[in-house]
Colleague: 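Structure below; questions to follow.
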There are 2 protein chains.
Amino acid sequence: MTSVAPRAWERVLARIESDLRDGRISPGQRIPGERALASDLNVGRSSVREAMRVLEALGVLRAQTGSGPDSGAIILTRPTGGMSALMRLQVAGQGFPVADVVRTREVLERSAVSELASREGTDLSEIDELLDAMENRNLSRQEFLALDAQFHLNLAEAAGNRVITAMMSGLRDSVETYTGRIAAALESWEETADRLRAEHRGITEAVRRGEPALAEERVTAHIRGYYAEANPEE
Amino acid sequence: MTSVAPRAWERVLARIESDLRDGRISPGQRIPGERALASDLNVGRSSVREAMRVLEALGVLRAQTGSGPDSGAIILTRPTGGMSALMRLQVAGQGFPVADVVRTREVLERSAVSELASREGTDLSEIDELLDAMENRNLSRQEFLALDAQFHLNLAEAAGNRVITAMMSGLRDSVETYTGRIAAALESWEETADRLRAEHRGITEAVRRGEPALAEERVTAHIRGYYAEANPEE
């Protein structure tokens with residue numbers, strides 16, 4: 001922020017943040033209406049609306065459909081949404097080099113599979129369903145890669161760390177973009193897809209057998225190997 | 001997003017994103033003015049302003065001070081800003097449990113020190129200065145912890161992965177909040193501070209000697225040990 005005094009919309013944001021932190025509003029509840037906040041903080045209603053958009057983009061609030069401007073029509077949602085917009089825009093703006101995105105995936109996913117493999121009785125049925133769905137030979141490259149991305153996200157979700165899940169979910173668009181670019185450039189997609197299928201099974205198997213080190217090693221080789229198809233020098 | 005058709009401010013956001021991705025605007029450049037964007041996309045100027053606030057909060061844009069509404073007075077900035085607001089609000093809204101924040105720190109910092117220790121000739125002089133500054137016995141707990149947080153962030157910056165640095169920087173406020181709460185509850189702060197000083201030196205030493213595994217082990221023990229002072233059962 002360049003200015004010293006907080007601008008009107010920033011004051012609204014700070015107010016919502018302190019209300020959240022102090023428990024005056026909680027997840028699932030509505031937030032005071034636009035008119036009430038504006039008069040309470042002595043700012044214009046357009047400033048309140050600007051702050052609401054920011055909170056929505058950050059995944060903190062969800063606008064209630066069909067609600068009037070004074071109904072306090074905003075509820076708090078699950079925390080994974082906002083980071084996606086952030087990461088997408090940062091990558092688009094060249095803030096984040098793809099190699100750094102790939103390396104960050106590695107770090108986060110290694111931690112997820114290691115955590116999962118160290119635990120007993122995790123339900124892997126959704127993950128198995130994704131593996132089966134990816135066996136379909138009629139999938140386009142794009143369809144395959146969407147299931148692939150979902151498989152990786154599901155591993156993180158199953159591991160249960162919400163911050164890491166949000167970060168992974170924030171990386172998803174960037175990941176689909178670079179994996180799609182690599183896939184489009186491959187001569188023999190089916191050969192690569194078969195290798196990816198086998199690697200996915202291998203990672204899941206290591207998790208199921210409770211071998212954290214093996215699971216980490218396999219997920220690292222999987223992510224690096226695919227990226228190296230297009231970037232052999234790195 | 002709940003609505004099917006993108007709302008006006010979302011269309012503005014999508015337009016900026018595609019302009020960035022396709023290189024029509026680049027970091028350091030100005031963005032089309034409010035009036036131009038509004039007429040171009042056939043939306044109200046308040047919708048353009050809402051989208052600009054979102055981009056600003058996400059750390060993609062910086063508002064130019066003293067500029068009129070039509071001067072296109074927005075420039076792109078370095079990519080670390082936005083995640084901080086996001087993480088702070090998510091933690092405030094109880095989206096992210098503190099234990100998950102601590103564990104995520106571990107994962108990201110292990111990767112940073114391992115990377116640093118695997119590399120030769122990294123300039124650690126700023127890090128040494130922070131270590132020396134933390135030796136001052138007249139620092140308040142809060143002052144010490146601010147330097148402490150800066151030390152950890154500097155390690156990530158020196159390692160050079162921009163995504164991980166942005167994530168670490170996004171966690172900073174949450175980290176300072178929980179470390180501050182723990183420090184405030186300690187009976188013998190000086191004893192703990194001495195241990196933290198020694199641990200910081202130990203991490204830096206392992207990095208300097210080029211021992212990735214030792215650096216990882218030390219940073220993990222450091223983060224876990226401090227958190228365990230207040231949460232012995234976890």
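Bear in mind that the values here come from a model prediction, so they are computed numbers and not experimental data. We name chains A, B, ... by the order of the sequence lines, and we start the count at 1 in each one.
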Colleague: Quick check for you: among I164(A), D19(A), L55(A), which has the greatest number of heavy-atom pairs under 4.5 Å with chain B?
Modeller: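 Highest number of pairs under 4.5 Å: I164(A).
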
Colleague: Let me know if I16(A) has heavy atoms under 4.5 Å from chain B in its side chain, its backbone, both or neither.
Modeller: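 Neither the backbone nor the side chain of I16(A) comes within 4.5 Å of chain B.
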
Colleague: Measure E115(B) against the heavy atoms of chain A and call it side chain, backbone, both or neither at under 4.5 Å.
Modeller: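 Only the side chain of E115(B) comes within 4.5 Å of chain A.
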
Colleague: Rounded to the nearest 0.5 Å, what separates atom OG in S111(B) from atom CD in E106(A)?
Modeller: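 Reported to 0.5 Å precision, the distance equals 9.0 Å.
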
Colleague: Find out whether W9(B) and E56(A) are in side-chain contact, i.e. whether some heavy atom of one side chain is under 4.5 Å from a heavy atom of the other.
Modeller: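 Side chain of W9(B) against side chain of E56(A), heavy atoms only: contact under 4.5 Å found.
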
Colleague: Can you name the nearest heavy-atom pair linking D100(A) to N161(B), along with the distance?
Modeller: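 Distance-wise, the nearest heavy atoms are O-ND2, 3.2 Å.
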
Colleague: So which part of T104(A) gets closer than 4.5 Å to some heavy atom of chain B, the side chain, the backbone, both or neither?
Modeller: both

Colleague: Among R53(A), R7(A), E10(A), find the residue that satisfies the side-chain contact (heavy atoms from CB on, under 4.5 Å) test when tested with R53(B).
Modeller: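 By the side-chain contact (heavy atoms from CB on, under 4.5 Å) criterion, R53(B) pairs with just one of R53(A), R7(A), E10(A): R7(A).
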
